[in-house]
Amino acid sequence: GGQARGASTAGLAVLLVQAVGFALLAALSPTALLVAAVYLGSANPRRTALLYLAGALVMSGSMAVVVLLVLRAGHFELPSHHQTRYGLRLALGLLILAIGLVVQRRKPKPPDPDNPKQGFVSRLVASPAPLAAFASGIVIFSPSVTFIAAVQVIATARTSVAVDVFALGLIVVINVMFVWLPFASYLFRPDATTRRLKSFNAWLRSNGRLLLAGGMIVAGLLLTLDGTLGLTGVV
C-alpha cells in the first residue's frame with residue numbers, strides 16, 4: 001500500500017511540474033504586462049488594475065474548466081485511450097511549434113501615419129475606465145494554445161476532484177501572473193513599481209515578440225516529443 005501511494009504521489013508531482021511548466025510559458029504575454037502598466041499609471045490605478053485582474057481570472061478560470069470538461073468527456077484520461085491521448089499531445093505540440101515559428105519569423109509592420117488604425121485592445125487601453133479594464137482582461141486572456149497545453153496535462157490524467165481543483169487553480173494563478181505581480185508590487189511600492197514597469201516595458205516592446213515565440217517553440221517541442229514517445233510506446 002505504501003509503495004502504491006508513493007508511486008501515486010510521485011506521478012502527481014510529475015503532472016504538476018509539467019502543468020506548471022506549460023502555465024509559465026503561457027504566462028509569457030508582453031501584452032498583458034504592457035496593459036497592466038498602463039492601468040497602474042491611470043487616474044484610478046487600484047480599481048482599474050483590480051478589475052483588469054478580475055477579467056483575466058474570470059476568462060482563465062472559465063476556460064480552464066471548459067477545456068477540462070471537454071477532454072474528460074472524451075475520456076482521454078482512460079488507459080484504453082493511450083494512443084488518442086498522445087495523439088492529442090502530438091497534434092497540439094505541432095500546432096504550438098508552427099505558431100511559434102510563424103511569430104518568430106514574422107516582422108511587425110511599421111505604423112502607417114496616413115492610416116492610424118487601432119486594434120481592439122488598444123482602444124480599450126486608450127480609455128482606462130474600470131469596465132474597459134475588465135473587458136481587457138477578458139480579451140487579452142482568451143485561451144492560448146500553451147494555456148490549453150497546461151490544462152490538458154491534468155485533463156488527460158486520472159486525478160481526483162481535489163487535485164483537479166488545486167491544479168487548475170495553480171495554472172490560472174500562474175497564467176495571470178503578469179497582472180497580479182505588478183499589482184501586488186504597486187500596492188506596497190507604487191512609485192518604484194511604476195518606474196520599473198516603464199523601464200521593463202521599453203525592453204518588452206523591443207524583445208516581446210522573440211520572447212513569446214521562444215516560449216511557444218519550447219512548449220511545442222516538449223509536447224511534440226511527449227506525444228511522439230507515447231505513440232511509439234516509449235512511455
Answer yes or no on whether Arg89 is positioned over the face of Tyr86, meaning its NZ or CZ is under 6.0 Å from the six-membered ring centre and within 45° of the axis.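 Here Arg89 passes the 6.0 Å and 45° test against Tyr86.
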Derivation and outcome, side-chain contact (heavy atoms from CB on, under 4.5 Å), residues Leu33 and Leu181: CA-CA 10 Å; Leu33 188 58; Leu181 274 177; over 6 Å; no
Hydrophobic clusters here meaning ILVMFWY residues chained together by side-chain heavy-atom distances under 4.5 Å, can you tell me if [X] and [Y] are in one?
X: Leu95; Y: Ile217; result: no
X: Val70; Y: Val67; result: yes
X: Ile148; Y: Phe22; result: yes
X: Phe200; Y: Leu34; result: no
X: Leu231; Y: Leu97; result: no

Output yes when a side-chain donor or acceptor of [X] lies under 3.5 Å from a complementary backbone atom of [Y], and no otherwise.
X: Thr224; Y: Leu221; result: no
X: Trp180; Y: Leu53; result: no
X: Thr48; Y: Asn44; result: yes
X: Thr156; Y: Arg85; result: no
X: Ser199; Y: Arg196; result: no

Tell me, do [X] and [Y] make a side-chain contact under 4.5 Å, heavy atoms counted?
X: Leu222; Y: Asp226; value: no
X: Pro45; Y: Tyr39; value: no
X: Val179; Y: Phe141; value: yes

Return the minimal non-hydrogen interatomic distance between [X] and [Y], and the atom names on each side.
X: Ala219; Y: Ile96; value: CB-CG2, 4.1 Å
X: Leu28; Y: Leu212; value: O-CD1, 3.4 Å
X: Phe178; Y: Ser29; value: CD2-O, 3.5 Å
X: Val172; Y: Ala64; value: CG2-CB, 4.1 Å
X: Ala26; Y: Thr146; value: CA-OG1, 3.3 Å
X: Phe183; Y: Arg46; value: CE1-O, 3.6 Å

[X] [atom1] to [Y] [atom2] distance, which is reported to the nearest 0.5 Å:
X: Met59; Y: Phe147; atom1: CE; atom2: CZ; answer: 10.0 Å
X: Leu24; Y: Ile174; atom1: CG; atom2: CD1; answer: 5.0 Å
X: Leu94; Y: Leu223; atom1: CG; atom2: CG; answer: 9.5 Å
X: Ile138; Y: Met63; atom1: CD1; atom2: CE; answer: 9.0 Å
X: Thr159; Y: Phe166; atom1: OG1; atom2: CZ; answer: 12.5 Å

Leu51 and Leu131: CA distance, side-chain angles, deciding distance, side-chain contact (heavy atoms from CB on, under 4.5 Å) verdict: CA-CA 7 Å; Leu51 284 170; Leu131 287 179; 5.8 Å; no
Does anything in residues 161-170 form a salt bridge (Lys or Arg N to Asp or Glu O under 4.0 Å)? List the pairs, not counting sequence neighbours.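 Counting only pairs at least two positions apart or across chains, the salt bridge (Lys or Arg N to Asp or Glu O under 4.0 Å) contacts touching residues 161-170 are Arg72-Asp164.
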Between Met216 and Leu25, does a side-chain contact (heavy atoms from CB on, under 4.5 Å) hold up when you go through it step by step? CA-CA 7 Å; Met216 297 190 73; Leu25 292 172; over 6 Å; no
If you look only at distance, which donor and acceptor atoms sit under 3.5 Å apart when one is on a side chain in residues 11-19 and the other is two or more places apart or in another chain?
none

Are there more than 12 heavy atoms of other residues, nucleotides or ligands under 6.0 Å from atom CG of Leu187?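 Yes, because the 6.0 Å sphere around CG of Leu187 holds more than 12 heavy atoms from other groups.
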Sort and list the pairs that fulfil side chain to side chain donor-acceptor pair (under 3.5 Å) and have at least one residue in residues 52-70, not counting sequence neighbours.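 Listed once each, the pairs are Ser60-Asn175.
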